[in-house]
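Notes to accompany the following structure.
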Amino acid sequence: MSKKLFAYSLLACVVAWLLFSYVPELRQFLPEVAFPSAWLRGLAWLGALAAALFVAIQVWIVGSTFRSLRNRQNAPDSPEPIPGLHINLFGEIVWTALPILMTVGLILAGVAIWTAR
């Protein structure tokens with residue numbers, strides 16, 4: 001019972017935060033965060049590090065996806081396919097590239113907002 005209560009209260013907090021964030025009349029009740037200018041340089045480096053890590057991880061994911069699909073098709077001793085599990089190249093590319101493109105779009109939008117201030 002306490003786990004459900006905790007989960008529902010956490011969900012209510014997230015919904016309230018989103019409501020306060022996106023309704024202009026309620027925005028005044030949210031706290032504002034201001035960083036000293038020295039911290040902004042640190043945040044910029046941290047953002048650059050996070051972006052580099054993101055790119056490295058995505059390159060690794062895309063590379064391993066292509067390698068696994070290529071090896072699966074060319075290997076003479078590959079195991080029998082699992083019934084009901086059909087993996088195709090187009091599906092793997094879409095479901096690998098879609099989150100990458102969405103995240104890159106969010107990064108570009110965030111950079112535009114960050115530099116506009």
Side-chain angles (χ1 to χ4, degrees):
M1 175 64 186
S2 65
K3 288 182 181 181
K4 282 187 178 182
L5 180 64
F6 177 72
Y8 286 131
S9 62
L10 188 61
L11 178 64
C13 289
V14 169
V15 168
W17 187 268
L18 288 173
L19 181 70
F20 282 129
S21 295
Y22 291 107
V23 176
E25 297 84 28
L26 300 177
R27 192 168 229 179
Q28 65 189 359
F29 297 112
L30 289 176
E32 289 191 19
V33 178
F35 294 104
S37 62
W39 283 33
L40 292 179
R41 284 188 296 268
L43 287 175
W45 280 104
L46 188 61
L49 177 66
L53 276 170
F54 170 77
V55 168
I57 290 169
Q58 294 305 321
V59 166
W60 175 69
I61 288 173
V62 169
S64 65
T65 300
F66 281 116
R67 277 192 306 276
S68 69
L69 287 173
R70 186 178 58 230
N71 291 342
R72 188 174 73 91
Q73 293 171 352
N74 296 337
D77 60 342
S78 62
E80 291 294 319
I82 299 171
L85 180 65
H86 304 286
I87 299 176
N88 62 15
L89 182 62
F90 179 73
E92 288 296 321
I93 291 172
V94 168
W95 290 112
T96 302
L98 189 63
I100 294 170
L101 295 175
M102 290 170 55
T103 307
V104 167
L106 287 172
I107 290 170
L108 294 175
V111 166
I113 291 170
W114 181 277
T115 56
R117 289 184 179 212

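Along the sequence shown, residues carry numbers from 1. Values in this document were obtained by computation on a predicted structure and should not be read as measured data.
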| said: Checking Leu108 now: which residues fulfil side chain to side chain contact (heavy atoms under 4.5 Å, CB included) with it, not counting sequence neighbours? | reply: Val104
| Members besides Tyr8 in its Ile/Leu/Val/Met/Phe/Trp/Tyr cluster (side-chain heavy atoms under 4.5 Å) | none
List, one per line, each side-chain donor-acceptor pair under 3.5 Å for residues 43-62, sequence neighbours excluded.
none

| request: Measure the spacing between CG of Leu5 and CG of Leu10 and express it to the nearest 0.5 Å. | output: 11.0 Å
